[in-house]
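Read the structure below first, then the notes.
Just follow the structure's listing: the first ligand is 1, and inside any ligand the first atom is 1. If you're wondering where the values come from, they're calculated on a predicted model, not measured in any experiment.
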Amino acid sequence: MSEEQETLEVSLGARSYPIHIGHGLLERAGELLRPQFAGRRLFVVTDEHVVAAGHADRLEHGLAAADFTFARIVLPPGEATKSFIWLERLLDELLLAGAERRSVVVALGGGVIGDLAGFAAAILLRGVAYVQLPTTLLAQVDSAIGGKTGIDTRHGKNLVGAFHQPRMVLVDTATLATLPMRERRAGYAEIVKYGCIVDADFLAWLEGQGRAVVEGEPAPCRRAIRRALEIKAEVVAEDEFETSGRRALLNFGHTFAHAFEACAGYGEGLLHGEAVAMGMVCATELSAALGYAPSAQTERLVRHLRQAGLPVRPRDLGLRFEVDALLAAMRHDKKVVDGRLRFVLWRGPGQAFIASDVPEDLVRRLLTDALA
Ligand code: NAD
Ligand code: GLY
């Protein structure tokens with residue numbers, strides 16, 4: 001991978017922030033954080049797998065070299081950590097360790113750590129600064145950018161949270177070397193999502209390069225991450241609080257995905273990115289059933305996802321769901337407006353839009369087929 005560092009910006013006026021992308025940025029984090037945060041105490045929030053992979057040590061080495069004082073808080077890995085219980089424990093540990101208004105939370109990990117630590121930063125002492133140091137492909141292309149923070153509840157995913165933008169995002173592509181293949185594939189699903197919603201050329205390029213991206217070949221991997229980040233940064237800058245409909249497009253496949261995750265119980269049996277892969281297939285099927293897009297485009301997407309080693313149906317992972325339970329989970333989704341389900345659909349690659357007039361019996365039929 002090129003050693004060169006690139007920088008993109010999320011343009012949000014006074015709350016704009018840079019996304020630095022490069023190989024080995026954790027070692028350089030101290031140097032990159034110093035201009036903004038010199039003299040302030042850092043709290044590195046991470047999880048056990050990230051620590052075991054050596055990334056917390058690499059980061060702290062860089063922080064110490066830049067004269068930062070810091071403390072480390074290690075949480076258990078997995079979606080179950082994005083919960084009220086762990087939020088409370090994290091806040092408690094931060095306060096116990098002496099966090100104050102000028103403290104900076106450093107989220108080092110995947111989307112779980114980023115979402116939880118970001119939410120803790122949003123509410124600790126009515127809001128402290130935080131930075132995102134994503135270590136999974138999924139977090140590097142999606143969750144670390146845009147300021148959506150939060151936790152899951154028994155009613156569904158991400159139902160309690162806050163918009164709280166990080167001050168900086170450091171995407172160190174070297175961290176991907178220790179990421180298990182299943183997690184890489186899950187992250188790849190979110191990359192495919194960007195092509196589906198707004199960039200048909202990118203999607204076509206991914207069809208040829210997807211396997212190389214998943215396998216971590218430096219040049220294609222870097223290009224895919226950069227393009228995904230450009231799209232995410234642009235969409236967030238246009239619609240930070242998801243009010244115009246533009247940012248909602250990033251939820252392509254997610255109404256289905258969140259229902260699959262809720263019914264799977266947020267365990268290791270189904271990763272978020274895997275749920276997104278299956279959800280995108282359902283979204284394109286729904287689009288075809290409503291006459292918006294040819295079903296040949298669904299078949300093309302299915303081939304692409306399968307080639308990347310992603311599941312396209314719950315049965316691919318040995319999962320069994322009840323249609324009624326999935327529909328009930330969908331009714332708790334944040335995209336429900338005035339009690340009506342909303343879906344992000346497409347007219348074909350790169351042409352996503354929001355539909356709120358989808359008949360529930362059609363969704364029921366589609367889910368019944370998807371579960372057969
Ligand atoms: P994750 O945070 O659970 O990380 C996946 C696994 O990889 C974990 O076991 C973790 O310990 C391990 N890991 C992390 N980095 C590693 C590394 N470099 N080497 C080895 N192991 C490593 O999951 P994720 O897929 O990163 O994120 C999923 C979460 O992100 C979900 O909760 C989802 O809702 C959320 N999300 C949020 C947004 C947003 O905008 N805030 C967007 C997309 C997804
Ligand atoms: N991942 C969806 C969003 O950031 O809006």
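Contacts between Leu271 and ligand 1, counted as non-hydrogen atom pairs separated by less than 4.0 Å, are absent for every part of the residue. Here Leu138 has side-chain heavy atoms under 4.0 Å from ligand 1, and that is the only part of it that gets that close. In Leu179, the parts holding a heavy atom less than 4.0 Å from any atom of ligand 1 are both the side chain and the backbone.
A donor-acceptor pair shorter than 3.5 Å cannot be found between the side chains of Thr175 and His55. Side-chain polar atoms of His272 and Tyr266 form no donor-acceptor pair below 3.5 angstrom.
For atom 4 (O) of ligand 2, the nearest protein heavy atom (residue, atom name, distance) is Lys232 NZ, 2.5 Å. Protein heavy atom in closest approach to atom 5 (C) of ligand 1: Glu183 OE1, 3.2 Å. Distance from atom 1 (N) of ligand 2 to its nearest protein heavy atom, with residue and atom name: Asp142 OD1, 3.1 Å. Counting protein heavy atoms only, atom 35 (C) of ligand 1 is closest to Asp115 OD2, 3.4 Å. Distance from atom 17 (C) of ligand 1 to its nearest protein heavy atom, with residue and atom name: Thr178 OG1, 3.4 Å. Given atom 1 (P) of ligand 1, the protein heavy atom at minimum distance is Val112 CG2, 3.8 Å. Nearest protein heavy-atom contact of atom 11 (O) of ligand 1 is Asp47 OD2, 2.7 Å. Looking at atom 38 (C) of ligand 1, its nearest protein heavy atom turns out to be Ser143 CB, 3.2 Å. When only non-hydrogen protein atoms are considered, atom 8 (C) of ligand 1 lies nearest to His49 ND1, 3.9 Å. Asp142 OD2, 3.5 Å is the protein heavy atom nearest to atom 43 (C) of ligand 1.
In this structure, His258 and His254 have perpendicular ring planes: the angle between them is above 60°, well past the 30° mark.
Using a 4.0 Å cut-off between charged nitrogen and carboxylate oxygen, Arg306 and Asp316 count as a salt-bridge pair. Under a 4.0 Å N-O distance rule, the pair Lys148/Asp115 does not qualify as a salt bridge. Taking 4.0 Å as the cut-off between side-chain N and carboxylate O, Arg72 and Asp57 count as a salt-bridged pair. A salt bridge links Glu230 to Arg226: one of the charged nitrogens lies within less than 4.0 Å of a carboxylate oxygen. Lys193 has a carboxylate O that lies under 4.0 Å from a charged side-chain N of Asp142, or vice versa, which qualifies the two as a salt bridge. Salt bridge annotation for Arg331-Glu360: present, with a cationic side-chain nitrogen under 4.0 angstrom from a carboxylate oxygen. Between Arg182 and Glu274 there is a salt bridge, with a side-chain nitrogen of the basic residue lying less than 4.0 Å from a carboxylate oxygen of the acidic one. A salt bridge links Arg15 to Glu240: at least one charged side-chain nitrogen sits closer than 4.0 Å to a carboxylate oxygen. Salt-bridge annotation for Glu207 and Arg300: present, with a side-chain N of the basic residue lying under 4.0 Å from a carboxylate O of the acidic one. A salt bridge links Glu6 with Arg222; the closest basic N to acidic carboxylate O contact falls under 4.0 Å. Residues Lys82 and Glu79 are paired through a salt bridge, judged by an N-O separation under 4.0 Å between the basic side chain and the carboxylate.
Taken together through direct or relayed side-chain contacts under 4.5 Å among Ile, Leu, Val, Met, Phe, Trp and Tyr, Leu229 and Leu138 form parts of separate hydrophobic clusters. Cluster membership check: Trp205 shares its hydrophobic cluster with Leu310, using side-chain heavy-atom separations under 4.5 Å among Ile, Leu, Val, Met, Phe, Trp and Tyr.
When only interatomic distances are considered, the shortest N/O to N/O separation between Thr136 and ligand 1 falls below 3.5 Å. For ligand 1, none of its N or O atoms has an N or O atom of Val50 under 3.5 Å away. Distances between N or O atoms of Arg247 and those of ligand 1 include no value under 3.5 Å. Annotation: Asn251 places no N or O atom under 3.5 Å from an N or O atom of ligand 2; distance criterion only. For a threshold of 3.5 Å applied to N or O pairs, the pair formed by Gly111 and ligand 1 contains at least one separation below that value. Distances between N or O atoms of Thr175 and those of ligand 1 include at least one value under 3.5 Å.
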> After noting the C-alpha distance and the side-chain angles of Val45 and Val105, does the key distance pass the side-chain contact (heavy atoms from CB on, under 4.5 Å) rule?
Replying inline: CA-CA 7 Å; Val45 180; Val105 171; 4.0 Å; yes
> How far apart are the C-alpha atoms of Ile151 and Phe119, what are their side-chain angles, what is the distance that settles it, and do they pass the side-chain contact (heavy atoms from CB on, under 4.5 Å) test?
Replying inline: CA-CA 8 Å; Ile151 55 170; Phe119 187 37; 4.2 Å; yes
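Counting the atoms of ligand 1 from 1 in the order shown, those under 4.0 Å from a heavy atom of Pro77 are 9 (O), 11 (O). Set against the non-hydrogen atoms of Gly110, the atoms of ligand 1 under 4.0 Å away are 2 (O), 26 (O). Those atoms of ligand 2 that come under 4.0 Å of a heavy atom in Leu250, given as number and element, are 2 (C), 3 (C), 4 (O), 5 (O). Atom numbering of ligand 2 starts at 1 in the shown order; those under 4.0 Å from a heavy atom of Lys148 are 2 (C), 3 (C), 4 (O), 5 (O). For ligand 1, the atoms lying closer than 4.0 Å to a non-hydrogen atom of Lys82 are 31 (C), 32 (O), 33 (C), 34 (O), 35 (C). Every atom of ligand 1 is numbered from 1 in the order shown, and the set under 4.0 Å from a heavy atom of Asn158 is 34 (O).
Among His55, Glu268, Glu79, the residue whose heavy atom lies closest to atom 31 (C) of ligand 1 is Glu79. Compare Thr135, Val276, Val236 by their heavy atoms: the one nearest to atom 15 (N) of ligand 1 is in Thr135. Of the candidates Pro180, Ala53, Gly118, the one placing a heavy atom closest to atom 21 (N) of ligand 1 is Pro180. Taking each of Glu48, Glu274, Lys157, Lys193 in turn, the one with a heavy atom nearest to atom 33 (C) of ligand 1 proves to be Lys157.
In this structure, Lys232 is part of the shell of residues with a heavy atom less than 4.0 angstrom from ligand 1. A heavy-atom separation below 4.0 Å is not found between Glu190 and ligand 2.
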